[in-house]
Amino acid sequence: MRPDGRREGPFTIETGPLGERLIGGMHRTAAALAGAGLDVIVDHVLLEDRWLDDMARRWADLSVLYVGVRCPLDVVLERERARRDRTIGQAEAQFAVIHRRGGYDLEVDTSRLAPEEAAARIVDALERGMPRPPFPGVRSARPGD
């Protein structure tokens with residue numbers, strides 16, 4: 001394992017200029033939709049710290065619930081094999097990287113919870129009200145922080 005959390009194995013994930021533009025566009029699009037009063041769900045694989053920083057900066061004035069969706073590596077690998085539409089090895093290459101910043105408002109373990117149970121926990125968290133910023137030092141642009 002490298003110091004940045006990436007595996008030293010045969011599979012490496014790198015994002016080029018087009019991918020960077022896509023991620024930035026996704027962050028801006030989600031902010032625009034939420035700013036227009038729509039509820040938005042973003043399924044995001046945070047491979048780069050700068051993506052979290054950009055996302056948090058662009059969404060600083062919005063009510064956001066950050067949910068970490070996790071399960072053990074052996075479950076991830078089995079799901080990758082069973083889906084048949086994945087590049088084998090990609091899940092393992094991402095596993096240590098995507099959650100390295102931590103700090104979610106809520107985490108759900110999909111190896112222990114049925115989809116309906118995980119969704120119910122998310123709905124419950126939303127109904128209780130949005131929490132304070134979860135990622136220390138990232139969302140300091142929000143007024144009042």
Side-chain angles (χ1 to χ4, degrees), residues 1-16 18-35 38-142 145:
M1 189 80 60
R2 297 182 349 196
D4 64 1
R6 296 176 192 270
R7 290 193 139 300
E8 294 279 350
F11 198 100
T12 307
I13 299 171
E14 295 183 13
T15 306
L18 181 59
E20 293 293 333
R21 287 181 30 222
L22 176 67
I23 295 298
M26 181 176 71
H27 296 165
R28 288 188 300 278
T29 300
L33 293 169
L38 298 170
D39 293 331
V40 179
I41 297 172
V42 178
D43 182 355
H44 203 331
V45 178
L46 294 168
L47 292 175
E48 304 292 346
D49 286 345
R50 67 183 170 276
W51 295 354
L52 175 58
D53 296 334
D54 178 68
M55 177 181 69
R57 182 175 48 81
R58 292 182 189 283
W59 301 351
D61 294 330
L62 302 170
S63 293
V64 177
L65 179 71
Y66 289 91
V67 179
V69 179
R70 298 178 180 252
C71 65
L73 180 59
D74 62 320
V75 174
V76 171
L77 297 176
E78 179 55 36
R79 289 176 179 171
E80 181 181 60
R81 283 189 294 274
R83 288 183 74 170
R84 299 186 188 273
D85 65 348
R86 296 292 187 253
T87 302
I88 301 300
Q90 183 173 347
E92 187 173 7
Q94 293 177 347
F95 191 80
V97 177
I98 60 175
H99 297 292
R100 71 178 173 265
R101 292 278 292 263
Y104 300 107
D105 300 312
L106 173 68
E107 292 190 26
V108 294
D109 182 340
T110 62
S111 70
R112 297 175 185 219
L113 298 172
E116 297 80 11
E117 294 171 307
R121 289 190 184 189
I122 295 167
V123 168
D124 182 58
L126 290 168
E127 289 175 347
R128 285 193 316 261
M130 292 300 176
R132 298 303 300 157
F135 296 100
V138 173
R139 295 177 55 178
S140 60
R142 177 180 262 178
D145 283 350

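We use all heavy atoms of the structure for the numbers below, so side chains are in, but hydrogens, waters and symmetry mates are not. Numbering starts at 1 and runs along the sequence shown. Note that the structure is a prediction, hence the values are computed from the model and not measured.
- To the nearest 0.5 Å, the span separating CG on Leu77 from CZ on Arg81 amounts to 5.5 Å.
- Residues Arg100 and Asp49 are in side-chain contact: their nearest non-hydrogen atoms beyond the backbone lie under 4.5 Å apart.
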Can you give me every donor-acceptor pair (side chain of residues 18-26, partner residue at least two apart or in another chain, under 3.5 Å) with its distance?
| unit_1 | atom_1 | unit_2 | atom_2 | d |
| --- | --- | --- | --- | --- |
| Glu20 | OE1 | Arg50 | NE | 3.4 |
| Glu20 | OE1 | Trp51 | NE1 | 3.1 |
| Glu20 | OE2 | Arg50 | NH2 | 2.6 |
| Glu20 | OE2 | Trp51 | NE1 | 3.4 |

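- Sorted by first and then second residue, the ring-ring contact (aromatic ring centres under 6.0 Å, His included) pairs with a member in residues 105-128 form an empty list; sequence neighbours excluded.
- Counting heavy atoms from C-beta on, the side chains of Leu106 and Ile122 come closer than 4.5 Å.
- Side-chain N or O atoms of Glu80 include none that pairs as donor or acceptor with a backbone N or O of Arg86 at under 3.5 Å.
- Every residue meeting the side chain to side chain donor-acceptor pair (under 3.5 Å) condition with Asp124, not counting sequence neighbours, appears here in chain and number order: Arg128.
- Side-chain contact between Asp74 and Glu78 is absent, with no heavy-atom pair separated by less than 4.5 Å.
- Scored by the salt bridge (Lys or Arg N to Asp or Glu O under 4.0 Å) test, Asp85 finds Arg83 as partners (sequence neighbours excluded).
- Residues satisfying the side-chain contact (heavy atoms from CB on, under 4.5 Å) test with Arg28, not counting sequence neighbours, are Arg58.
- Taking Thr29 as the reference, nothing meets the side chain to side chain donor-acceptor pair (under 3.5 Å) condition, with sequence neighbours excluded.
- In plain terms, the two heavy atoms of Ala125 and Leu65 that are nearest each other are CB-CD2, 4.0 Å.
- For the pair Val67/Tyr104, no side-chain contact is recorded, criterion being any heavy-atom separation below 4.5 Å from C-beta on.
- Among residues two or more places apart in sequence or in another chain, the side chain to side chain donor-acceptor pair (under 3.5 Å) test is passed with Glu107 by Arg70.
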Inset, instruction - Evaluate side chain to side chain contact (heavy atoms under 4.5 Å, CB included) for Val42 paired with Trp59, printing each intermediate quantity in order. - result: CA-CA 12 Å; Val42 178; Trp59 301 351; 4.0 Å; yes
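- Residues forming a side-chain contact (heavy atoms from CB on, under 4.5 Å) with Val45 (at least two apart in sequence, or on another chain): Leu47, Gln94, Ile98.
- Environment of CD1 in Ile41: sparse, with no more than 12 heavy atoms of neighbouring residues, nucleotides or ligands closer than 6.0 Å.
- Taking the six-membered ring for Trp and thresholds of 30 and 60 degrees, His44 and His27 have ring planes inclined between 30 and 60 degrees apart.
- Heavy atoms only, all atoms of each residue included: Tyr66 and Ala56 are closest at OH-CA, 3.9 Å.
- Scanning for side chain to side chain donor-acceptor pair (under 3.5 Å) contacts around Thr15 gives an empty result, with sequence neighbours left out.
- The heavy-atom pair separating Gly35 from Leu62 by the smallest distance is N-CD2, 4.2 Å.
- The side-chain heavy atoms of Arg101 and Leu46, taken from C-beta on, include no pair separated by under 4.5 Å.
- The salt bridge (Lys or Arg N to Asp or Glu O under 4.0 Å) contacts involving residues 111-123 comprise Asp109-Arg112, where partners must be two or more places apart or lie in separate chains.
- Take Val75 and apply the side-chain contact (heavy atoms from CB on, under 4.5 Å) test, not counting sequence neighbours, and it matches Cys71, Pro72, Arg79, Ser111.
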